[in-house]
Peer 1: 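The following block contains the structure, expressed as structure tokens.
Remember, predicted model here, so these are calculated numbers, not experimental data. Letters A, B, ... are given to chains in the order of the sequence lines, protein chains preceding strands, and every chain is numbered from 1.
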2 protein chains.
Amino acid sequence: MTTEADHLQVLLVDDDLDVLAANARFLRVNEISVVLAESVSTALQRLTENEIDVIVTDLRMPEANGLAFAEQARASRPLIPIVFFSGFAQVPDVVAAMKLGAVEFLEKPVDPDELLRVVRSVRRTHYGTLANQRQVFDGGGESFSLKMRVLAYEKYVIESSLLQHNGHVADVLNALQINRRTLNDKMSKLGIKRDTLIEQRAGSNNEQES
Amino acid sequence: MTTEADHLQVLLVDDDLDVLAANARFLRVNEISVVLAESVSTALQRLTENEIDVIVTDLRMPEANGLAFAEQARASRPLIPIVFFSGFAQVPDVVAAMKLGAVEFLEKPVDPDELLRVVRSVRRTHYGTLANQRQVFDGGGESFSLKMRVLAYEKYVIESSLLQHNGHVADVLNALQINRRTLNDKMSKLGIKRDTLIEQRAGSNNEQES
DNA sequence: GATATATCGGCAAATTCTTGCCTACCAACA
DNA sequence: TGTTGGTAGGCAAGAATTTGCCGATATATC
């Protein structure tokens with residue numbers, strides 16, 4: 001289960017093949033695997049074939065626009081993070097995209113470093129080894145009490161934040177705007193062990209960048 | 001208190017007094033009560049004095065911009081729906097606003113009918129769709145405090161349960177294993193209005209879509 | 001009208017959570 | 001060895017939440 005825990009797979013959708021190839025190359029150089037799609041229909045197909053973690057899509061495409069694609073994508077992957085990019089974006093487009101739950105909206109031409117930053121931050125925020133807990137508070141759990149679901153969610157947020165900040169507690173304090181003493185208490189109550197979390201992450205991540 | 005159950009109160013913030021007055025007049029004609037503020041500090045003041053349901057604010061203002069205002073406003077009203085408007089909005093502004101949990105982002109000059117529609121829809125859909133709230137507690141919100149994210153999640157769970165049980169509070173109590181008094185308090189604090197929630201759901205069944 | 005059912009709010013006691021202060025531990029390093 | 005930076009836990013006061021009890025209101029039903 002943890003064999004490919006940190007292996008991030010991006011679905012990159014763009015009808016402009018040159019841009020598509022360039023962005024893909026850049027991401028791959030930075031150790032992110034990329035699945036390509038040059039149309040909405042292909043993208044939907046790829047989405048079912050691969051274990052996609054993030055969708056990065058152009059907003060304007062000939063066949064159907066990115067918003068429509070995002071809606072269809074969400075049908076099968078309700079919580080998948082989606083990053084849009086577009087040139088000449090109108091405000092209503094951006095608003096619509098964000099309402100659809102877009103994680104970011106980048107302007108074309110996309111700055112590769114920015115793209116990389118966003119994709120990586122998505123990884124840290126949304127995924128991790130946390131998929132299990134997620135199920136408790138996400139959708140399904142009709143049978144759990146409110147308190148339990150809230151606790152599960154709280155745990156998820158804290159663990160995410162810890163991972164995101166490499167176990168650096170001071171940063172978590174700042175990001176979550178919480179008192180240190182309170183965070184310590186919560187972690188202890190929720191059974192979050194900073195060291196274990198980081199070890200795991202380091203272990204599955206024999207390659208490191210920081 | 002309950003005499004004005006469906007009575008919607010809007011806090012309208014704009015440093016341009018002419019626009020402010022014009023919009024206020026239009027909203028009032030349409031049976032929406034309006035509280036005015038021409039600066040951020042005034043707005044924060046008004047927010048504490050009145051029972052505001054929605055904030056409609058300009059993004060660009062001399063004293064402090066709308067985003068900063070929104071952040072401060074959320075300190076006292078964590079989940080209050082905020083509508084931004086602005087001329088010359090840049091994509092990053094819009095993205096930032098939406099990430100902050102904005103309900104809508106309108107372009108200046110604001111079409112009065114559009115404004116009315118948005119304000120009313122806020123009432124109708126009661127602080128946005130569930131999917132929208134999801135965005136707050138799900139991935140997007142790196143910038144939200146733990147407390148805020150937990151509240152958003154709690155709200156989402158409660159609203160879901162209410163809808164699922166047709167507004168039958170007793171069933172929700174049972175499903176969520178929570179004390180009635182506690183649920184009532186939470187609903188009031190989170191701005192969940194059972195009646196509105198159910199009305200809207202009933203309305204959307206036979207009525208048009210939007 | 002009565003009566004039953006379901007919801008909501010005020011109040012206060014009991015409980016839990018939050019936070020500041022102080023101490024302690026550990027690792028890096030001068 | 002001593003200092004610095006980052007983290008964790010004990011403790012107690014202060015703040016907030018939870019909950020039981022009471023009554024109020026609204027809508028059906030008899």
Side-chain angles (χ1 to χ4, degrees), chain A residues 144-202 208 210, chain B residues 1-7 9 48 51 53 74-80 126-127 144-202:
Chain A
F144 293 97
S145 72
L146 179 64
K147 197 167 258 172
M148 227 161 244
R149 293 180 66 173
V150 168
L151 286 180
Y153 174 66
E154 211 169 18
K155 179 170 181 179
Y156 164 77
V157 171
I158 293 176
E159 289 196 342
S160 296
S161 192
L162 263 171
L163 285 174
Q164 182 181 343
H165 294 106
N166 267 315
H168 207 266
V169 175
D171 289 344
V172 174
L173 260 38
N174 186 58
L176 261 31
Q177 297 179 53
I178 192 177
N179 182 288
R180 183 194 64 81
R181 206 54 254 279
T182 305
L183 179 64
N184 281 149
D185 283 349
K186 282 188 185 301
M187 285 174 62
S188 130
K189 195 182 314 172
L190 295 172
I192 301 175
K193 278 163 195 148
R194 174 174 160 275
D195 300 329
T196 316
L197 254 186
I198 302 307
E199 268 170 37
Q200 281 176 355
R201 184 264 203 47
Q208 91 296 5
S210 64
Chain B
M1 325 283 107
T2 50
T3 48
E4 44 198 45
D6 64 329
H7 179 136
Q9 182 133 316
T48 64
E51 265 200 24
D53 298 305
R74 287 215 187 284
S76 60
R77 298 290 307 277
L79 295 173
I80 193 168
H126 204 264
Y127 298 15
F144 292 94
S145 71
L146 178 65
K147 197 167 261 173
M148 222 168 263
R149 293 180 65 172
V150 168
L151 286 180
Y153 175 66
E154 210 168 19
K155 178 171 180 176
Y156 165 77
V157 172
I158 293 175
E159 287 196 342
S160 296
S161 191
L162 262 172
L163 284 174
Q164 187 182 341
H165 295 105
N166 263 324
H168 206 266
V169 176
D171 290 344
V172 173
L173 260 38
N174 186 57
L176 262 30
Q177 299 179 53
I178 192 179
N179 182 288
R180 180 195 66 81
R181 206 55 253 277
T182 303
L183 179 64
N184 281 149
D185 284 347
K186 282 189 185 301
M187 285 174 63
S188 131
K189 192 186 314 172
L190 296 172
I192 301 174
K193 282 166 195 151
R194 174 175 159 274
D195 300 327
T196 315
L197 207 58
I198 301 309
E199 266 171 38
Q200 146 206 343
R201 184 259 203 59

Peer 1: May I have the distance from A:Met187 (atom CE) to D:dT7 (atom P), rounded to whole angstrom?
Peer 2: 10 Å
Peer 1: Taking atom CG of B:Leu190 and atom CG of B:Asp185, what is their separation to the nearest 0.5 Å?
Peer 2: 10.5 Å
Peer 1: Nearest whole Å is fine: how far is D:dG6 C1' from A:Asn166 CG?
Peer 2: 15 Å
Peer 1: Work out which heavy atom in A:Arg194 is nearest to a heavy atom in A:Gly167; give both atom names and the distance.
Peer 2: NE-O, 2.7 Å
Peer 1: For A:Ser161, run the side chain to side chain contact (heavy atoms under 4.5 Å, CB included) check against A:Asn174, A:Val172, A:Leu183 and tell me which one passes.
Peer 2: A:Val172
Peer 1: How many Å lie between NZ on A:Lys193 and P on D:dG9, as a whole number?
Peer 2: 11 Å
Peer 1: Can you find a heavy atom in the side chain of B:Leu151 that is under 4.5 Å from one in the side chain of B:Met148?
Peer 2: no
Peer 1: Taking CD from B:Glu154 and P from D:dA16, how many angstroms apart are they, rounded to a whole number?
Peer 2: 16 Å
Peer 1: Tell me which of A:Lys147 and A:Val169 sits closer to the 5' end of DNA chain D, going by the nucleotide each one is nearest to.
Peer 2: A:Val169
Peer 1: Can you tell me the distance, in whole Å, between the CG atom of B:Leu190 and the P atom of D:dA16?
Peer 2: 16 Å
Peer 1: Roughly how far, to the nearest 0.5 Å, is CG of A:Asn179 from CG of B:Leu146?
Peer 2: 12.0 Å
Peer 1: What nucleic acid atoms does A:Lys189 come within less than 4.0 Å of, heavy atoms only: base, sugar-phosphate, or nothing?
Peer 2: sugar-phosphate
Peer 1: Write down the distance between CG (A:Leu173) and C1' (C:dG20), rounded to a whole number of angstrom.
Peer 2: 14 Å
Peer 1: B:His168 has an atom NE2; how far is it from atom P of D:dT27, in whole Å?
Peer 2: 16 Å
Peer 1: Residues of residues 178-186 of chain A with any non-hydrogen atom less than 4.0 angstrom from an atom of DNA chain C: list those, numerically ordered, please.
Peer 2: A:Asn179, A:Arg181, A:Thr182, A:Asp185, A:Lys186
Peer 1: Nearest whole Å is fine: how far is C:dC8 C1' from B:Ile192 CD1?
Peer 2: 15 Å
Peer 1: Quick one: CD1 on A:Ile178 to NZ on B:Lys147, what's the gap to the nearest 0.5 Å?
Peer 2: 8.0 Å
